[in-house]
Chemist: 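This is the structure I want to talk about, given as structure tokens.
All figures in this text were calculated on a predicted structure; none of them were measured in a lab.
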Amino acid sequence: MRRRDVLRVIAGGMTTVPHALAAQTLEKTYRLGTLTAGPALAATAGTGKMLVDGLAKRGFSLGQNLAYEARGAAGDVGRTPMLMQELTAAKVDVVVTVSYPAAAAAKASGVPTVIANGSGDPVATGLVASFAHPGGNVTGIADDAAALSTKRLGLLKAASPQLRRVAMLWNKDDLGMTQRYNASAKAAEDVGVTVLPLGVREPDDFNEAFVAMDRDPPDAILMVTDSLTLLNRKRVFDYALQHRLPAIYEQDFMARDGGLMSYGADAGESFDRAAALVARIFQGAKPADLPVEIPTRYVFLINLKTAKAMNFTVPSDVLSLADEVVE
């Protein structure tokens, strides 16, 4: 080949390679994994859909440039490391987690991780070095348990002014939820409310918790949410209804599902912000450099159907505070 022809081939290669690389970039499929200690997050409903919709508005759409892998331990927390291994084998680019066990398994894998909710205090549990500088492969959304617990107890006391003693249910095998319980117990102490601690490890432990409340009746119930308490929530709802005990829960769907009251971060905002963090990681950012965010919107929900069923009158000033009332 003559020198002139060689130069023509090289020049042609220089002009076509960038176009090929650009096309390859446009055609890239980003792989998102989700991991929970409870049910898997379906892409078409609930918080899974919130996450997928949040990514779609940022340019990552299912069936186009986004693939979705969901795993959930359905309450068998010991399975979370194995499920995370499955996500790693599926070559996910980012995993979004719900619950401390899921976040811990994702952190151990080294895969870029975004906490959507349910992790507890990520600094206290060692998931991140600090909110401002996570420093590893984990970032996400985390709330202030102490402030939220104080608010929940305040709402309980406003709804039931005779409140002196509150039963607190939590999974004591979950480090994140134990940290949340400790914050709640400290908040109760600060407002002059005595705590009846009811740590559970398995479904049968709820029977013992109910016996303890029969023996030493509280004035109200505060339940810390994880996969174990979530899967047994109906039993707690039924006990509270039967004994006419006002109770407050951490997530709004629990009040819609039969609990009396709930106060917690707005799930729509939390999962949209998680989607924003995922999008930034897809675009090249490192979790270590993305500060952990604190929710800005919180929802107070009252279920009046439950209140009527337990013959409990919610004071009008408390009703006026509700963002949503189920009737």
Chemist: Taking atom CE of Met310 and atom CZ of Arg244, what is their separation to the nearest 0.5 Å?
Modeler: 8.5 Å

Chemist: Sub-3.5 Å donor-acceptor pair from the side chain of Ser270 to the main-chain atoms of Ala267, do we have one?
Modeler: no

Chemist: In terms of side-chain heavy atoms, does Gln179 have a donor or acceptor partner in Thr125 at a distance below 3.5 Å?
Modeler: no

Chemist: Tell me the closest heavy-atom pair linking Arg164 and Asp219, and the distance in Å.
Modeler: N-OD2, 2.8 Å

Chemist: What are the two closest heavy atoms between Val138 and Pro134, and how far apart are they?
Modeler: O-CB, 3.2 Å

Chemist: Would a distance-only check, ignoring hydrogens and angles, find a side-chain to backbone donor-acceptor pair under 3.5 Å from Ser149 to Ala146?
Modeler: no

Chemist: For Asn137 and Val111, indicate whether the former's side chain and the latter's backbone hold a donor-acceptor pair under 3.5 Å.
Modeler: yes

Chemist: Are the side chains of Leu32 and Leu55 in touch, meaning some heavy atoms are under 4.5 Å apart?
Modeler: yes

Chemist: For Leu319 and Ile302, run side chain to side chain contact (heavy atoms under 4.5 Å, CB included): C-alpha distance rounded to whole Å, both residues' side-chain angles, the deciding distance at 0.1 Å, then the answer.
Modeler: CA-CA 7 Å; Leu319 272 175; Ile302 298 172; 3.9 Å; yes

Chemist: What are the two closest heavy atoms between Gly48 and Leu41, and how far apart are they?
Modeler: CA-CB, 4.0 Å

Chemist: Look only at the side chain of Ser160 and the backbone of Ala158, and say whether a donor-acceptor pair between them is shorter than 3.5 Å.
Modeler: no

Chemist: For Ser119 and Pro122, indicate whether the former's side chain and the latter's backbone hold a donor-acceptor pair under 3.5 Å.
Modeler: no

Chemist: Just grab all the salt bridge (charged side-chain N to carboxylate O under 4.0 Å, His left out) pairs involving residues 30-40, residues at least two apart or on different chains.
Modeler: Arg31-Glu69

Chemist: Relative to the ring of Tyr239, is the ring of Phe210 parallel (under 30°), tilted (30 to 60°) or perpendicular (over 60°)?
Modeler: parallel

Chemist: So that I can tick it off, tell me whether Asp190 and Lys186 are bridged by a salt bridge, with the cut-off set at under 4.0 angstrom between side-chain N and carboxylate O.
Modeler: yes

Chemist: For the side chain of Lys107 and the backbone of Pro112, is there at least one donor-acceptor N/O pair under 3.5 Å apart?
Modeler: no

Chemist: Would Lys172 and Asp226 pass as an ion pair if we require N to O under 4.0 Å?
Modeler: no

Chemist: Which heavy atom of Ala116 sits nearest to which heavy atom of Val98, and what is that distance?
Modeler: CB-CG2, 4.3 Å

Chemist: Which heavy atom of Gly140 sits nearest a heavy atom of Val114, and at what distance?
Modeler: CA-CG1, 4.0 Å

Chemist: Does any N or O in the side chain of Thr34 come within less than 3.5 Å of the main-chain N or O of Val96, such that one atom is a donor and the other an acceptor?
Modeler: no

Chemist: Can you find a heavy atom in the side chain of His133 that is under 4.5 Å from one in the side chain of Val128?
Modeler: no

Chemist: Verify side chain to side chain contact (heavy atoms under 4.5 Å, CB included) between Ile221 and Ile248, making sure each step is shown before the conclusion.
Modeler: CA-CA 6 Å; Ile221 296 172; Ile248 194 163; over 6 Å; no

Chemist: Crowded around Arg235 CZ? As in, over 12 foreign heavy atoms under 6.0 Å?
Modeler: yes

Chemist: Identify whether the distance between the nearest side-chain nitrogen and carboxylate oxygen of Arg58 and Asp272 falls below 4.0 Å.
Modeler: yes

Chemist: Does Ile281 reach the side chain of Asp93, with side-chain heavy atoms less than 4.5 Å apart?
Modeler: no

Chemist: Determine, step by step, whether Arg180 and Asp143 satisfy the side chain to side chain contact (heavy atoms under 4.5 Å, CB included) criterion, reporting the C-alpha distance in whole Å, the side-chain angles of both residues, the deciding distance to 0.1 Å, and the verdict.
Modeler: CA-CA 10 Å; Arg180 188 180 290 278; Asp143 52 39; 3.2 Å; yes

Chemist: Looking at every non-hydrogen atom in both residues, tell me the closest pair between Pro218 and Leu245 and how far apart they are.
Modeler: O-CD2, 3.2 Å

Chemist: State plainly whether the residues Asp252 and Arg256 are in salt-bridge range, i.e. N to O under 4.0 Å.
Modeler: yes

Chemist: Evaluate the side chain to side chain donor-acceptor pair (under 3.5 Å) criterion for residues Glu250 and Ser262: first the C-alpha distance (whole Å), next the side-chain angles of each, then the deciding distance (0.1 Å), finally the verdict.
Modeler: CA-CA 5 Å; Glu250 295 184 339; Ser262 65; over 6 Å; no

Chemist: Give a yes or no on whether the backbone of Asn171 and the side-chain of Asp205 come within a donor-acceptor separation of less than 3.5 Å.
Modeler: no

Chemist: Taking Thr47 for the side chain and Met50 for the main chain, is one N or O donor matched with an acceptor at less than 3.5 Å?
Modeler: no

Chemist: Check whether any side-chain heavy atom of Leu196 sits under 4.5 Å from a side-chain heavy atom of Met213, and report yes or no.
Modeler: yes

Chemist: Pair Trp170, Met223 - check side chain to side chain contact (heavy atoms under 4.5 Å, CB included), show working.
Modeler: CA-CA 6 Å; Trp170 87 100; Met223 190 172 85; over 6 Å; no

Chemist: Report yes or no: is the cationic atom of Lys308 (NZ for Lys, CZ for Arg) closer than 6.0 Å to the six-membered ring centre of Phe312, at no more than 45° off its axis?
Modeler: no

Chemist: Is it true that Glu327 and Lys305 make a salt bridge, defined as a side-chain N closer than 4.0 Å to a carboxylate O?
Modeler: no

Chemist: So, taking the atom named CG in Asp174 and the one named CZ in Arg201, what distance separates them when rounded to the nearest 0.5 Å?
Modeler: 12.0 Å

Chemist: Residues in ring pair (Phe, Tyr, Trp, His ring centres under 6.0 Å) with Phe237, at least two apart?
Modeler: Tyr249

Chemist: Does the ring of Tyr298 carry Lys151 above it, NZ/CZ under 6.0 angstrom from centre and within 45° of its axis?
Modeler: no

Chemist: Ion pair present between Asp216 and Arg165, side-chain N to carboxylate O less than 4.0 angstrom?
Modeler: yes

